[in-house]
Structures are given as structure tokens and as C-alpha cells.
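No hydrogens, no waters, no symmetry mates; every other heavy atom, side chains included, goes into these values. All residue numbers in this chain count up from 1 along the given sequence.
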Amino acid sequence: MRTVNTSVVKKDAMALVTGKPVYTDDLAPGDCLIVKVLRSPHAHALIKEIHKEKAEKVAGIACILTYQDVPQKRFTMAGQSYPEPSPYDRLILDQRMRFVGDAAAIVAGETEDAVDHALRLLKVEYEVLEPVLDFKQAKDHPVLIHPEEDWLSLCPVGADNKRNLCAAGREEQGNVDEVLKQCDYVVEQVYHTKANQQAMMETFRAYSYLDAYGRLNMVASTQVTFHVRRILAHALDIPKSRIRVIKPRIGGGFGAKQTVVAEVYPAIVTMKTGRPAKMIYSRYESQIASSPRHEMEVHVRVGADKNGILQAIDVYTLSNTGAYGEHGPTTVGLSGHKTIPLYRTAKAFRFAYDVVYTNCMSSGAYRGYGATQGIFAVESAVNELAEKIGMDSVKLRELNMVKEGDIMPAYYGETLNSCALDRCMARAKEMIRWDEKYPRVDMGNGKVRGVGVAMSMQGSGISGLDVASVELRLNDDGFYTLMIGASDMGTGCDTTLAQVAADCLECDLDEIVVHGTDTDVSPYDSGSYASSTMYLTGMAVVKASEEMREKILKKGAQYLNCPEDSLEFDGKRVYQPSGELEISLKDIGNKVMCFNEDMLTAGACHTSPVSPPPFMVGMAEVEVDKETGEVELLDYVAVVDCGTTINPNLARIQTEGGIAQGIGMAMYEEITYSSKGQMLQNSFMQYKLPTRQDVGNIRVEFESSYEPTGPFGAKSIGEIVINTPSPAIADAVANAVGVRVRELPVTAEKVYWGMNR
């Protein structure tokens, strides 16, 4: 390998540190109409009338749109492959308001001041309805969030709008109840994870314009470029052929931009006025009307025999999708499918779930995508089981963890072809000096230190569904252009995919030019989500590179006038090992520009029937003040198995960033609502994000396995890295002072009252 498994510098590194990249708002035309949304002050209400006469008279206002002015065709904002599992339950503007912050009207004008003035002058008469705010009471509640008759679910996910159900399901193997009765030790607990905001630096934003042919052009900060095209076509009720979507550089996504949060609003303004329009979400809007992580309550039962061998795992997840169903049916599945398979010894398992509508902000995709919530619950329950048995929680996992070669019934029956989880555990244990510190060390000054552990798995794309495609072109002078449909969100996939291509083509990294996503130009790609990019798009690059090598040899044979099977290609030249004939790649690249009938292009598509899981072990050391309950995270060690690390430095940065987000979820971040459904953490003054000083010392290492279905043996790393901090930190606190926090975040107040109850 020339560049694979090497920490080469990112292709855009120098541009980034010198401030050169441009983002969506930097590219927007100066004459764009400014688009904003009037948002509902009520959690549940019907619009009786909107008085817009005064607002329309404001100088510079181009249009004011209400539900009467937009297509009445339901769609979903979830960026998923068609047919989407998420129900079609949205309109661009609806008469029914379903959460505080729901869109009541759209205002577009020449300046922001004019638009803000018009928004203040808009008067709406509402019929206020009873809201459903407690997701534990939403199922079969007499108040329906979506009573409309044109609500539609395209896939059999157990959805029923007449029961406030966005999805429901159940699967099991063996008799869980009977096996649990026979267990020597059983833990049964309920764990609660709140919604979390992705809080990416670049908020939701998009601008649109009509080109010379009357086609709608959309430039958006999105992870799902091709899905945006389909969603806009459905919402606007126009053919996809009339829409082009372009993704510029993205200032972070973390799953938030797998939902089409902003794009429909400037799009409808452009369609109505014929003028360019842009919408830039404020941080306030991003907090109260976006696509945060799903709140989940997870009921777990785990049982073991007297030797600590797990016998049964029972998981029931209640998920709050909020006002709309984006990603509701799919996130919930990972709460069971990415937790139960971690343990190979269980004779029986059951996984059941309900996803309910409420009058809270609609949820969406966030890094970890449901596995994060499930891992907190199941790993916490396993830690409680170890405590009940009186066994070291690392030892309990060593006895029960999944191993390479296992068939995983709870993971779609897949066979585990690559797994270094045992080595991850051993290395993490060594790094944190577990045997010296477990379970606690009293510092003698009123503070106690404790250590905690958790392990996790994720996936590499969505098996049997996701598609990645690339196109590779040989140019004059012998350099390559790699066209991808995946979205680089700062993850560095433009670099890592170029590394794969460079190794396959035996060339320098600088000879690969990567071109990002444009639906008119790029090959189709499902999008950058579900930890799919390296695993799927990387394999498409391998396939395209192999095809390109064959075409180069064939063209070289034509120019050298000799049999193709007598030639070899070493990345720089096509030559005859047994003779003196050779032609450089530069000459081939230049010759095909004249008198040539064969394009030296290669295209490849890749999908996979399996989704090989990466694995991770995380261990936390905390110090708890026994007088105040304050928790300080001192050290966090993580060891990851992502197969072959294509670029170790980028993989390390991904891991460190994901751990920091997981620490935020575990210790600081919380979304709560008032009795009227108003989200209280509507700015970074209330919504607490950890700084670098708050996350302690983060240390990351890798234990590589080899995944035979991945490029150069690689699996994914994007999502797994956020999953272990919550259960590991909660476990460390419990080991330190005996307080088991089962509702995140772990705060000083909860620890204090736990110590003093």
C-alpha cells in the first residue's frame, strides 16, 4: 500500500487553515430574496385566519405565503432511499400547527430588516388545541397529532396515525420470559435519554434560483444531495428533471443535514416569484425547529447464570419522534439491533418498540442514529448485572462478548467476518490501568475516583439498500478526476477516497482530483450517512480503478501495436516486461485527446448485502465530590476496530470528536419543555455544550481487523465513536459513589440527591 493506512494530510488542509473554503451563504447571489418563517407559538393549534395585509405593504416584501398558497401534497423531509420508511406526513405549510416553532407562514423580501418587520405585522388567529407532550401517554391518546386522511406510510413499519404511532415492531428468538425465570441473576431497569442537538457550526441553509432553462437550482448544505432532489420534487409537485441540487462545502452535519430542514422554503419562494431566494437558519431556529436526536425510554431485562454467562436479553424501546416522523421508524431499530448482538451467549432475545407522535419538535438523524440511546441502556444494564453478581464488569464482557466468526441472529443473521473487540477490551484495560483503579479509589480529600466501561458496535451502511457510485476519468498529462456522489462534511472522505484510488492506480495522491456532489454531474449516491462512505463508496472506487487499469492496458496495447496480455501497468507507464516497448501514462492521456473513439472513463456502483460492524471499547475515569455531587471527567480511553484504518490521523480525529459529543450527551446537554410545549434550551446560553476544558483527557488507539468485503479491509468509523461515553461515564460515577444515573445527563444534582436520599 502506498497511501492507504497512512496519515496523509487532507487535500483541503491548507485551504482550511488559511480560511479559503466557501460555504453555502458565501456563494449565494447578492440579489437573493431573504426568506424567513413565521413560527407557531402553540404546541397544537389550527390556523383560523392569517391577516397579512399590513405585512404585504412593507417596502421590499416580495411575497407572503400561507398554507393556501402552496401545494397540498404530503411528503417527508427524511433523506432516505425511496420508498422512504418515514411516513409522508408534512406539507410545506399546513393549517394545523403541531409544535411550538412549526411553520405558519413564509415571508420573503429584499432585506432582512424588511422581512423581520413584516413578520411582526403578520397576525394569526389560532384555535388552540390540547397538546400531547408526554411521549409515555401518546400511544392511543384521544388527541391525534395527525388526524388527516391523506397521511401516508409507504412501507410496512407498523405505523398508524389514528393511534399516534409512527412505527411499531417486535422480533424475538427463544422464550425470553422462561429463560429469565431460570437465571440466577436478573436486572430489570428503565433508561431515559433526552433529545440532543447536533449543534454543527454551520446552521441549516440553502439558496435557490431558476437557470436559463427554467429549472430550479438548489444549493444546500446537505448530506443527502440526491434525496433533496426527490424531496423537493414531491413537495413542490414538479418532475425531478426540473431540479438540480448542488452541495458546496459543509460546515458540519452529524446527521442533522440528513433531513431537508431549510430547502423547501426558498424553493417555493423561487417557484412563486422566479427570483433567487435563500434561507439561513439562526441558531435560535436551529435549536427550536430542527431535527435533534430522538428521545427514547428503553426498558431492559438481562439475565445471567451463576457463572456470569448471559442467558437472555429483553429490550423494549419507546421513541418520541415528535410532531413529524422523519427517521422515526429507522432510528429505533438500531436501539436493539446494535446492542443485543454484542453478546454471543444469550439463548433468547426479544426486541420490541413503539415510535410515537407528540407535539414536540420533530426529531431526526444524529450520529449514532438510535444505537447511542440503546447502548446507554443495555451497557448500563450489563454494568448493573456485573455489580449484582459481584463480578468485574470487564470480566463479565470478556465472558460474553461477540467474537469473529459468530452468526448474529439479532443483527439480521449476519456472520461476523471481522472483529477485534476482545483486543480492544484488553488494550483499553491496559491504557486506563483498570485493575489498579476498579472500582474506586478514595482520594482522602472528600473526593472519590471511579472507572467505568462500555462497548459498542455500529454498522457500515445499510445492508441491501444503500448505493454508492463513482466515475473515474483519465485526463491529458495522465492525471485522474474522481467524481463522487458522497458528501464530504469535513470528515475527509475526499482525501480517503483519493487514497484508495491512488493505491489502486499506483499513482501519487496529488494526481487524483476529487469532485464533489452535483445531481446533474455526479453519479448517484444514497448520501453520506449510516457510516457508509468509506465502506460503500470506497469499494466503488476500487471497482472503478480496476476497470480503469484494464482500459489503460487496452489503449496502451493499441498504441504499442502488441497483445494486451503481454503488457503491464505500473501507474506511470504501460510496458512490456519481456521487451523494450513502453508508453507513458502521460502520453496515453494526451494521445486520447486526438483521433480517438474510446473514452478513458470508468464508472462503478457498489452496494452490499451485509453491513459489517465496527467495534469500540470506551473506559472513563471520573472524580466525584462527595459534598456537592460534582463530576469531573479525568480520563477517557477508547480503542476502535474499524478494520483497516485508511488514514489513521483522520480516523483518530473522528474518534476524538465523536467522544467529545458523547461526553456532551452524557454530562451536559439536555432538552426540556415547558408545560405549554415550548423548548427551553433555545440558545447556547441554556443548551450546554462541553468545551475542550470539559472533556478531560481523551486517548484513542486502534486494534485493526480485516473486513474482506471492505476496501483494503476497511469498515466504517463515523458513528460508533459517539456511543460509549454515556454508559461508561454513568458506570464510573456509580462505581465511585454508588449512584446509578439512568436518565441522562449525569449532573451534580442527580448525583448529590442520589447520595443523600
Side-chain angles (χ1 to χ4, degrees), residues 22-39 50-73 75 77 90-94 103-122 202-222 225 228-248 260-282 285 289 518-520:
V22 290
Y23 298 82
T24 300
D25 195 25
D26 300 316
L27 296 168
D31 61 346
C32 270
L33 293 173
I34 305 300
V35 179
K36 292 194 177 187
V37 166
L38 179 70
R39 300 194 178 276
I50 298 181
H51 301 281
K52 57 182 182 177
E53 298 81 11
K54 291 182 180 179
E56 287 177 326
K57 293 178 181 177
V58 173
I61 292 301
C63 72
I64 297 176
L65 304 176
T66 72
Y67 69 91
Q68 296 173 319
D69 305 311
V70 300
Q72 296 297 296
K73 185 177 179 183
F75 64 100
M77 287 186 177
R90 276 195 188 262
L91 297 173
I92 298 174
L93 292 172
D94 203 333
I106 301 169
V107 179
E110 305 289 348
T111 66
E112 189 169 1
D113 286 344
V115 172
D116 288 341
H117 188 194
L119 284 169
R120 290 191 294 270
L121 293 177
L122 276 177
E202 183 194 32
T203 60
F204 304 95
R205 52 196 58 201
Y207 72 86
S208 54
Y209 61 94
L210 298 179
D211 63 20
Y213 305 100
R215 297 176 72 218
L216 177 70
N217 282 235
M218 171 62 64
V219 180
S221 182
T222 179
T225 316
V228 171
R229 182 176 65 182
R230 182 185 66 250
I231 292 166
L232 289 177
H234 286 169
L236 300 171
D237 200 15
I238 62 175
K240 295 184 187 71
S241 59
R242 288 185 58 194
I243 301 173
R244 177 189 185 188
V245 182
I246 303 165
K247 177 210 76 76
V260 180
V261 173
E263 289 87 334
V264 294
Y265 303 114
I268 187 63
V269 168
T270 293
M271 295 298 290
K272 289 287 185 177
T273 65
R275 296 186 56 184
K278 72 174 180 179
M279 185 170 193
I280 308 295
Y281 262 53
S282 65
E285 285 180 298
D518 177 336
T519 56
D520 274 8

Check: Asp211 side chain, Tyr209 main-chain N or O, donor-acceptor pair, under 3.5 Å: no
Gln72 side-chain N/O to Tyr67 backbone N/O, donor-acceptor pair under 3.5 Å: yes
Kindly compute the distance separating [atom1] ([X]) from [atom2] ([Y]), expressed to the nearest 0.5 Å.
X	Y	atom1	atom2	value
Lys240	His234	NZ	NE2	4.5 Å
Leu93	Ile268	CG	CD1	8.5 Å
Leu33	Lys272	CG	NZ	14.5 Å
Arg242	Leu236	CZ	CG	9.0 Å
Leu121	Ile64	CG	CD1	8.5 Å
Arg205	Ile280	CZ	CD1	4.5 Å

Stepwise side chain to side chain contact (heavy atoms under 4.5 Å, CB included) test for Ile246 and Leu27: CA-CA 11 Å; Ile246 303 165; Leu27 296 168; over 6 Å; no
For residues [X] and [Y], determine if any side-chain heavy atom of one lies less than 4.5 Å from a side-chain heavy atom of the other.
X	Y	value
Ile50	Leu38	no
Asp116	Glu112	yes
Pro248	Val22	no
Tyr207	Pro29	yes
Val37	Met279	yes
Val245	Glu263	no
Leu210	Met271	yes

If you look at every heavy atom in [X] and [Y], which pair is closest and at what distance?
X	Y	answer
Val107	Ala118	CG1-CB, 3.9 Å
Ile61	Ala55	CG1-O, 3.8 Å
Leu91	Pro71	CD2-O, 4.3 Å
Ile34	Val115	O-CG2, 3.4 Å
Thr270	Ser208	OG1-OG, 2.7 Å
Pro266	Ala206	CG-O, 3.9 Å

Arg275 with Asp31: basic N within carboxylate O range, under 4.0 Å: no
Check ion pair Arg39-Glu285 (N to O, under 4.0 angstrom): yes
Within residues 57-72 or reaching into it, pairs that qualify as salt bridge (Lys or Arg N to Asp or Glu O under 4.0 Å) - sequence neighbours excluded: Lys52-Asp69
Chi angles and distances behind the side chain to side chain contact (heavy atoms under 4.5 Å, CB included) call for Arg244, Asp518: CA-CA 7 Å; Arg244 177 189 185 188; Asp518 177 336; 2.5 Å; yes
Working for side chain to side chain contact (heavy atoms under 4.5 Å, CB included), residues Arg90 and Val264: CA-CA 11 Å; Arg90 276 195 188 262; Val264 294; over 6 Å; no
From CA spacing to verdict: side chain to side chain contact (heavy atoms under 4.5 Å, CB included), Phe75, Val260: CA-CA 11 Å; Phe75 64 100; Val260 180; over 6 Å; no
Flag if over 12 foreign heavy atoms under 6.0 Å of NZ, Lys73: yes
